[in-house]
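Before any comments, here is the structure.
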2 protein chains.
Amino acid sequence: MASNRSSAGDPAHTLALLWGVPLAPTAGRRGPRKAHSPAEIAAVAIRTADAEGLDAVTMRRVAQELGLSPMALYTYVPGKAELLDLMLDTLYAAMPRSTPADQGWRARATAVADDNRALYAAHPWTAAVPTTRPPLGPGLMAKYEYELRALEGTGLDDVRLDAALTHLLGFVQTCARTAADERAAQQDSAMNDEQWWEANADLLARVLDPARYPVATRVGAAAGQAQGGAYNADHAYEFGLPRVLDGLAALIEQTSR
Amino acid sequence: MASNRSSAGDPAHTLALLWGVPLAPTAGRRGPRKAHSPAEIAAVAIRTADAEGLDAVTMRRVAQELGLSPMALYTYVPGKAELLDLMLDTLYAAMPRSTPADQGWRARATAVADDNRALYAAHPWTAAVPTTRPPLGPGLMAKYEYELRALEGTGLDDVRLDAALTHLLGFVQTCARTAADERAAQQDSAMNDEQWWEANADLLARVLDPARYPVATRVGAAAGQAQGGAYNADHAYEFGLPRVLDGLAALIEQTSR
DNA sequence: CATGTATACTGTACGCCGTACAGAGATTCT
DNA sequence: AGAATCTCTGTACGGCGTACAGTATACATG
């Protein structure tokens, strides 16, 4: 996985791109018309990433897909970081936002987690993009608004509301990254996790003294057998989500008391 | 951040390297003696990563640091993935393992989390290395053994014990990745988080209709003000660790009942 | 002691990336 | 008509992991 970063450039250009607000006056523009729209570019790039992974999304490749020379893409997008921003914000904008408000916060939080998980499942490459400086476009804003509302009415103050949401989404992202890492490792080692795990277990048995690591060997064997590998993202999600919600529940209860 | 992956190659070679077990018979070896040890190579690579980040750790650079030509490094290490494995396992081996057993699982789990956090703080680049297929060397084994013991005696069965530990460590890693991403973004945008948020907030105010995103604007402003961007990762840890522990507590209580 | 061979090591080369830069062609203003 | 401004193309650079071929070294065997 190459070095992909979002929001690395000038905020003014990035926001102009995401919100579709031209920086220069659009009337009386000289020179040839643009042949493509940001939405089209995002769609093409997303399709490529979905089909062949984020590594396949190069400036050259996206340009080619649009029938452009590599450098022409830079007239549409300041750089690769902004292209990634655009891709992410486009996906955020298309996420479902239909959770009923009348089922209690726990059901709503579960829906938020599941929706995010579905996004990562449909577009695994999104898990690898750092989001400490997220693409502040209409998609992210709508997502953030919706997800905050899901956790509103729990009695948490605004700062804790944000922290609780971040905590929940961070958990989902961790699971998604684990899943994406698994997939990537499988791809470039030509072994799936179970095969890798088994091969290593056999070899480890020759060099490792079980008496030195009694708990590790016991638990490792049990866990490995249970989930067919060292780690399993689906299991981690199913185990972890109730834990995260219980943890938030304790905070909510303690706050409302 | 470049494409760094651990454990991509042949498990037999990787394990031989990590455990110091030569694959070929060591007696009567022809040709020149090796001039360096795996431990020395790991130390040099770790020092470089600490000082200049994981991107600075290239095969060329590590070789140069050892006084070797780039390709000579491949006689010590099968490839870059295995070099990373070696670096990680070396750090794992050096982690503190001194938590008293008599203070309750919550104190022990907190110590485990804090120790991992300290590792990420001392070596931020470790947060970026995927560990779904961890380096199965003596360092990781000792770490795993120690951390499992910290959570033993909680009444959880072996599979859940492993899941609980994974859950806890995943949380710590998420915080560390956030911190590392922040640092990287700061480096290559020449703006710290506070400056970046402020610049974007001003620009957003011109394109965004607050009436469309009332909760987002309110909570976003409160959260942004409260944590000033830069303290994000620390804040997330301090908020999140009690949540994670409460979540595990609920499971433990429910299991022991 | 001479010679063969396994090993450590060097130098060169390849394909790939993001993107800086210079110039060509198209379109609309004055 | 000509200038200005835009889209778009082609070339080039430095850096990455590492494949491959060749050289120097030190031991095993005769």
Side-chain angles (χ1 to χ4, degrees), chain A residues 1-10 13 22-38 40-41 45 48-49 52-85 184 188-189, chain B residues 1-10 13 22-38 40-41 45 48-49 52-85 184 188-189:
Chain A
M1 189 70 60
S3 163
N4 292 303
R5 179 153 303 126
S6 121
S7 283
D10 175 20
H13 284 99
L23 278 179
T26 182
R29 256 179 122 68
R30 305 179 185 185
R33 300 284 171 81
K34 280 194 194 304
H36 306 278
S37 67
E40 185 188 351
I41 294 170
T48 304
E52 302 173 42
L54 199 50
D55 284 345
V57 180
T58 67
M59 297 301 274
R60 285 166 171 86
R61 171 65 181 277
V62 174
Q64 185 198 3
E65 217 84 46
L66 291 164
L68 294 173
S69 81
M71 292 308 293
L73 188 50
Y74 285 89
T75 63
Y76 292 91
V77 151
K80 190 168 183 193
E82 290 81 2
L83 174 60
L84 272 171
D85 282 338
D188 65 28
S189 74
Chain B
M1 188 69 59
S3 163
N4 293 303
R5 179 153 304 127
S6 125
S7 283
D10 176 19
H13 284 100
L23 278 178
T26 184
R29 256 179 123 68
R30 304 180 186 184
R33 300 282 171 82
K34 279 195 195 303
H36 306 279
S37 68
E40 185 187 352
I41 294 170
T48 303
E52 303 173 43
L54 199 50
D55 284 344
V57 180
T58 65
M59 297 300 275
R60 285 167 172 86
R61 172 65 181 276
V62 174
Q64 184 198 2
E65 218 84 47
L66 291 164
L68 293 173
S69 80
M71 291 310 292
L73 189 50
Y74 285 90
T75 63
Y76 291 92
V77 152
K80 190 168 184 192
E82 290 80 3
L83 173 60
L84 273 170
D85 282 338
D188 65 28
S189 74

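Below, read A as the first sequence line, B as the second, and so on, with proteins coming before strands; counting in each chain starts at 1.
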>> Listing request: all side chain to side chain donor-acceptor pair (under 3.5 Å) pairs with a residue in residues 68-78 of chain A, at least two apart in sequence or in separate chains.
In response: none
>> Without decimals, in angstroms, what is the distance between B:L66 CG and C:dT10 P?
In response: 11 Å
> What are the two closest heavy atoms between B:A24 and B:R29, and how far apart are they?
Replying inline: CB-NH1, 4.0 Å
>> Without decimals, in angstroms, what is the distance between A:Y76 OH and D:dC6 P?
In response: 14 Å
> Between B:M59 and B:P32, which has a closest nucleotide on DNA chain D that is more 5'?
Replying inline: B:M59
> 5'-most contact on DNA chain D: B:R29 or A:A35, nearest heavy atom basis?
Replying inline: A:A35
> Contact class for A:R60 vs. all strands (heavy atom < 4.0 Å): base, sugar-phosphate, or nothing?
Replying inline: base
>> Using a 4.0 Å heavy-atom cut-off, does A:T58 contact any base of the nucleic acid, only the sugar-phosphate backbone, or nothing at all?
In response: sugar-phosphate
>> When you measure from the side-chain N and O atoms of B:T75 to the phosphate of C:dA8, is any distance below 4.0 Å, counting only OP1 and OP2?
In response: no
>> For a quick test of reading the model, state the closest non-hydrogen atom pair linking A:L23 to A:H13 and the distance between them.
In response: CD1-CD2, 3.1 Å
>> Rounded to whole Å, please give me the gap between CZ in B:R61 and P in D:dG14.
In response: 19 Å
Side-chain polar contacts of residues 56-64 of chain A - donor-acceptor pairs under 3.5 angstrom, sequence neighbours left out - could you list them?
{"from": "A:T58", "atom 1": "OG1", "to": "A:R61", "atom 2": "N", "distance (Å)": "2.9"}
{"from": "A:R61", "atom 1": "NE", "to": "A:E65", "atom 2": "OE1", "distance (Å)": "2.6"}
{"from": "A:R61", "atom 1": "NH1", "to": "A:E52", "atom 2": "OE1", "distance (Å)": "3.2"}
{"from": "A:R61", "atom 1": "NH2", "to": "A:E52", "atom 2": "OE2", "distance (Å)": "2.7"}

> Has B:R33 got a side-chain N or O lying under 4.0 Å from the OP1 or OP2 atom of D:dC27?
Replying inline: yes
